[in-house]
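Only one structure is covered here, and it is reproduced in the block below.
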Amino acid sequence: MMSSVGPVPLGVVWVVLGGLLAMGVARWLRPPLQEGQPKPGALLLDMLLLGLLGARVGFVMLHWRDYLADPWAVLRVGDGGLLPWLALLVGIGWGMWRLQRWPALRRPVWAGTVAGVLCWIGLSLGMAQLQQSRIALPALALQSLQGQPAKLGGEGGQPVVVNLWASWCGPCRREMPIFADAQARDPAVRFVFVNQGETVEEVQQFLASERLSLHNVLLDPDSLTSERLQVHAYPTTLFFDSSGRLQGLHMGELSAAGLQARLDALR
């Protein structure tokens, strides 16, 4: 199951495709140009960029406590911290204000907006449904650091967060303390840290050098978990509900706020 196009997550790809469709529709319906009148595609691009900015600012304000410990994380937009509904409000609000001066652009701009939003919603929901139907919590025979057999799923119908990582992966190393804090804070969720392709000595040396206290660190020397979950880059974190259904997939480093938002949605 594809989760990205190269290094670009599919969520970003859907936004780009929706924006391109919106500008294409607006270009097709654009009226004759008047002096000083902006192009409808340029106005739509402004709406998109301002909407995304507003969505990020709103997310940061909502999770401001999580960003206090690491203010630079505000700039790491790869954590997926956006409020889609706020993006729509800001973008549409900006468009309404700009179109007061250019009534001839209302038809192409709003038609493009509707087409782009529907495209984004359709692609996002369609991929989410496809991932849920094709990716399940696998029953694999893995090992704990003590050499005991272990499995990914928990007992009693707990939500499960599966983090695929390696000690040579810089983003994996940076996000590990955030996961350690979340695991200690939220015992109702089962966190499983599945190392991909390394020996027990390498994993133990990494945990000791970073002074990390993690439970459920499992060894997967043949990277079978990545193969079964169809993951092609690290770190990747998958969020399964208490019934074992995939509810979210994030490729790349997570901030504390980004992780907490996904845990809140998992309940």
Side-chain angles (χ1 to χ4, degrees), residues 3-4 8-26 40-68 71 73-100 105-132 159 161 182 186 189 237-241 245-267:
S3 60
S4 67
V8 182
L10 283 180
V12 176
V13 176
W14 302 154
V15 171
V16 171
L17 290 178
L20 290 175
L21 176 62
M23 286 185 273
V25 169
L43 201 154
L44 280 166
L45 182 60
D46 289 344
M47 291 169 62
L48 174 61
L49 295 178
L50 287 172
L52 292 175
L53 178 61
R56 179 61 175 177
V57 171
F59 182 86
V60 171
M61 293 177 65
L62 183 63
H63 296 275
W64 64 272
R65 290 185 179 85
D66 293 313
Y67 286 107
L68 282 179
V74 170
L75 303 178
R76 294 203 296 268
V77 294
D79 68 356
L82 298 170
L83 299 178
W85 61 268
L86 191 54
L88 292 174
L89 286 179
V90 171
I92 290 173
W94 171 261
M96 292 176 66
W97 178 73
R98 287 287 282 141
L99 288 171
Q100 291 181 83
L105 295 180
R106 291 172 184 169
R107 179 169 175 260
V109 167
W110 293 132
T113 299
V114 170
V117 170
L118 290 178
C119 174
W120 168 68
I121 291 175
L123 289 171
S124 299
L125 292 180
M127 179 54 67
Q129 290 295 321
L130 189 59
Q131 287 178 335
Q132 282 189 358
V161 176
D186 200 342
V189 177
T237 308
L238 301 98
F239 300 83
F240 296 90
D241 64 17
R245 294 187 300 264
L246 181 70
Q247 297 298 318
L249 183 155
H250 181 82
M251 186 183 69
E253 182 179 354
L254 276 166
S255 66
L259 175 58
Q260 189 58 52
R262 284 162 176 76
L263 293 177
D264 292 340
L266 194 59
R267 291 173 173 80

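All values below were derived from every heavy atom in this structure, side-chain atoms included, with hydrogens, water molecules and symmetry-related copies excluded.
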*Below 4.5 Å, heavy atoms only, C-beta onward: do V90 and L53 meet side chain to side chain?*
no

*Compare every heavy atom of A22 with every heavy atom of G112, then report the nearest pair and how far apart it is.*
O-CB, 3.0 Å

*asked:* With rounding to the nearest 0.5 angstrom, report the CG to OG1 distance, L254 to T237.
replied: 5.0 Å

*With rounding to the nearest 0.5 Å, note down the distance linking CD in Q131 to CG in L249.*
5.5 Å

*asked:* Nearest 0.5 angstrom please: L52 CG to M47 CE, how far?
replied: 11.5 Å

*asked:* For a quick test of reading the model, state the closest non-hydrogen atom pair linking L82 to P84 and the distance between them.
replied: O-CD, 3.4 Å

_Partner set under salt bridge (charged side-chain N to carboxylate O under 4.0 Å, His left out) for D66, not counting sequence neighbours_ = none

*At their closest point, which heavy atom of Q132 faces which heavy atom of L246, and how far apart are they?*
CG-O, 2.9 Å

_Let me confirm one number: the CG-CH2 distance from L44 to W110, rounded to the nearest 0.5 Å._
8.5 Å

*Working to the nearest 0.5 Å, report the span between CD1 of I121 and CH2 of W14.*
14.5 Å

*List the steps and the verdict of side chain to side chain contact (heavy atoms under 4.5 Å, CB included) for L123 and M127.*
CA-CA 6 Å; L123 289 171; M127 179 54 67; over 6 Å; no

*Evaluate side chain to side chain contact (heavy atoms under 4.5 Å, CB included) for V15 paired with L48, printing each intermediate quantity in order.*
CA-CA 9 Å; V15 171; L48 174 61; 3.9 Å; yes

*In sequence, state the C-alpha distance, the side-chain angles, and the governing distance for R56 and D79, and then conclude on salt bridge (charged side-chain N to carboxylate O under 4.0 Å, His left out).*
CA-CA 11 Å; R56 179 61 175 177; D79 68 356; 2.9 Å; yes

*Which atom names give the shortest non-hydrogen contact between V117 and L88, and what distance separates them?*
CG2-CD2, 3.7 Å

*side chain to side chain contact (heavy atoms under 4.5 Å, CB included) between L21 and W120: does it pass, once the steps are laid out?*
CA-CA 10 Å; L21 176 62; W120 168 68; over 6 Å; no

*Specify the closest pair of heavy atoms between H250 and G78, including all atoms of both residues, with the distance to one decimal.*
CE1-O, 2.8 Å

*asked:* Within the 4.5 Å heavy-atom criterion, are R262 and V161 side-chain neighbours or not?
replied: no

*Where do W64 and L68 land on the side chain to side chain contact (heavy atoms under 4.5 Å, CB included) test, with the steps shown first?*
CA-CA 6 Å; W64 64 272; L68 282 179; 3.4 Å; yes

*Closest approach of M23 to L45 (non-hydrogen atoms, all atoms of both residues)*: SD-CB, 4.4 Å

*Establish, yes or no, whether a centroid distance under 6.0 Å links the rings of Y67 and H63.*
no

_Distance check, rounded to the nearest 0.5 Å: I92 atom CD1 versus L99 atom CG?_
11.5 Å

